[in-house]
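Lettering of chains follows the sequences in order, A, B, ..., and the numbering in each one begins at 1.
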Amino acid sequence: MSAVTHGQEHAHHDDHAHHPSGITRWLFTTNHKDIGTLYLWFSLTMFFMGGVMALLIRAELFQPGLQFVNPEFFNSLTTVHGLVMVFGAIMPAWVGFANWLIPMQIGAADMAFPRMNNWSFWLVVPAAILLVASFFVPGGAAASGWTLYPPLIIQQGISIDMTILAVHILGASSIMGSINIITTILNLRAPGMTLMKMPLFVWTWLITAYLLIAVMPVLAGSVTMLLTDRHFGTSFFNAAGGGDPTMFMHIFWFFGHPEVYIMILPAFGVISAIIPAFARKPLFGYASMVYATASIAILSFIVWGHHMFTVGMPAAGQLFFMYATMLIAVPTGVKVFNWIATMWQGSMTFETPMLFSIGFICLFTIGGFSGLVLAVTPVDITIHNTYYVVAHFHYVLVSGALFSLFAGAYFWLPKFTGKMYNESLGKLHFWLSVIGFNIAFFPQHFLGLAGMPRRIPDYALQFAEWNMWSSIGAFIFGFSQLLFLYNVIECIRSNRKAADNPWEGADTLEWTHLPSPAPYHSFETAPVVK
Amino acid sequence: MADRHEPTPEQKRRALVSAIVLAVTVVAIYVAYMLKFAR
């Protein structure tokens, strides 16, 4: 159903396109679209860096024995891969979409604090450099896993200080971004745009931003305490000085579990925009979607203990965290039901954004179910720190967050660039991603259930076959992402001009009130929403 | 450069108040955590 135009029908919008040029445009920009673009390119760069680390890990695990890397470097790879993908790729990508879309979807001219928006982005870059550069300092990069658990994190070299500084900077950036997003949504909506008329993507980001405000200071506090344990003689988490390493795990996961929802709630917003557009039906159960999103966010604060059943806690605590975790399946189930009900009897077509959205629903649901398995305390104690856990969170974060990022990228590329992407290439990207992803990660369920521990460079012979398949799948998945990069660049350079609204069913303000590409400054007058 | 509609003074004032409240919340959570464990 995509529509392509070849004329000059938007010549009257040319006056919108005047903007600063050269490097200063990008260094000093306060324009939400420019900053969104910076975030998106930055996150794509970090995605490929984290991807190279993942492929090094899978190359090492292709067969038993040590092939390419030593065990210390392997541990650094798993650690920095996690940190880069979480803080460098997925989160900045969502902030990029937020910057591009939130002002356009609520009818605002820009974010509430454009200069702070510029700071938010340019803080992320030195933090990423610190993270990646830590590979090249004596002792190598952090090797404690992305969770930064003491006592190992207290004992390692200068790379830990670089990592702690990077996390502090990224936290400050996220907090500034969240303040900007909340103030924009609450104060700059167009006349008539009540809260319950906002697109779901705006709603999910409003709730995500509140989550960030609540948990980022907690992470900052915990890594500050790590820093003082390392250099200022305190013993918050250092057992040798009377501290409690388990306390760090509680604090970290009080941040860490909401962090998972920070990465996945905006995905729910994107899928809630795409499914109705390609099913040509309004979203089923809009209000219940909003309440389900809020419920998931609230529940995310009371389930952190399920990450640490094995450290020891009272049976009452285990029961509480087990049942609280299972409770999250209820609002998540509401969402999946609503997406399916939206598609029910719709006039569906299956362009690339819709394919990635359906892939998201199927595969994210598998990740949700394996999460339910892990929520059962005795089961979790058995398979804790095995590859079952690795399989679970990759189904949530790759086929969940990443697939929805691709869905969103293909969906809004016509609005961002004014050009249509290559549909055949997009579909090839989808199918190779789905096939490669499942070959890579589904066997990891079997490996985990058979007892293979995570974060090891070598393993027993009994795990060899599924590891080989997992590595083959990882390389298929990894190299298929180059298709996405090519498709985006080819789209930008092509002459396939996109219509203002190339998707029949898309009805939010950026499609109905703005041309493609969206002008440098949106909305000469505030749109009135009825 | 093309015109765009700017936030009204009232919107700007409310945005500033919202931002200050949120920033204070962040600092309060951070300080509360540190004080709890620093004792």
Side-chain angles (χ1 to χ4, degrees), chain A residues 13-20 103 107-113 116 171-172 174-176 178-190 209-210 212-222 224-225 228 234 236-237 243-244 247-248 251 254-255 519-527, chain B:
Chain A
H13 294 298
D14 281 354
D15 57 336
H16 292 259
H18 297 156
H19 49 66
D110 205 313
M111 300 293 277
F113 300 102
M116 188 164 77
S174 293
I175 287 166
M176 290 198 295
S178 302
I179 290 174
N180 221 340
I181 286 168
I182 293 171
T183 50
T184 303
I185 295 171
L186 293 186
N187 297 293
L188 302 190
R189 299 193 309 278
Y210 274 114
L212 279 163
I213 291 286
V215 300
M216 274 298 163
V218 177
L219 176 69
S222 63
T224 304
M225 287 187 267
T228 59
T234 61
F236 291 112
F237 310 122
D244 184 0
M247 183 54 71
F248 178 85
I251 300 173
F254 183 78
F255 147 81
Y520 196 64
H521 295 299
S522 313
F523 305 120
E524 290 177 25
T525 55
Chain B
M1 204 164 287
D3 289 333
R4 59 176 179 169
H5 77 94
E6 294 289 338
T8 63
E10 177 62 12
Q11 281 179 313
K12 285 182 178 175
R13 191 187 66 78
R14 287 185 179 192
L16 192 60
V17 170
S18 305
I20 291 168
V21 169
L22 291 166
V24 168
T25 307
V26 167
V27 173
I29 295 171
Y30 181 80
V31 171
Y33 250 87
M34 296 299 285
L35 287 179
K36 174 170 173 52
F37 291 105
R39 282 182 190 167

ask   = Which bit of M247(A) is near chain B, if near means a heavy-atom gap under 4.5 Å: side chain, backbone, both or neither?
value = side chain

note = Applying a strict 4.5 Å limit to non-hydrogen atoms, the region of A112(A) in contact with chain B is side chain

message = Parallel, tilted or perpendicular: which one describes the rings of Y33(B) and F254(A), with boundaries at 30° and 60°?
response = tilted

ask   = Between A23(B) and chain A, which part of the residue has a heavy atom less than 4.5 Å away: side chain, backbone, both or neither?
value = both

request  = Heavy atoms only, distances under 4.5 angstrom: which of I182(A), L188(A), T228(A) has the most pairs with chain B? Name it, please.
outcome  = L188(A)

inquiry  = For I175(A), which atoms come within 4.5 Å of any heavy atom of chain B: side chain, backbone, both, or neither?
reply    = side chain

request  = Determine whether T183(A) and R14(B) make a side-chain contact, defined as any pair of heavy atoms from C-beta on separated by less than 4.5 Å.
outcome  = no

ask   = Any donor and acceptor pair, going by atom type alone, linking the side chain of N180(A) with main-chain N or O of F113(A) inside 3.5 Å?
value = yes

request  = Considering only heavy atoms and a distance below 4.5 Å, find which of A526(A), A214(A), S222(A) pairs most often with chain B.
outcome  = A526(A)

key: Euclidean distance, I181(A) CD1 relative to I213(A) CD1, rounded to 0.5 Å   = 9.5 Å

message = Looking at R189(A) and I185(A), would you say the former's side chain and the latter's main chain have a donor-acceptor pair under 3.5 Å?
response = yes

message = Is L219(A) in contact with chain B via its backbone, its side chain, both, or neither, using a 4.5 Å heavy-atom distance?
response = neither

query = So which heavy atom on K12(B) is nearest to which on P7(B), and how close?
reply = CE-O, 3.9 Å

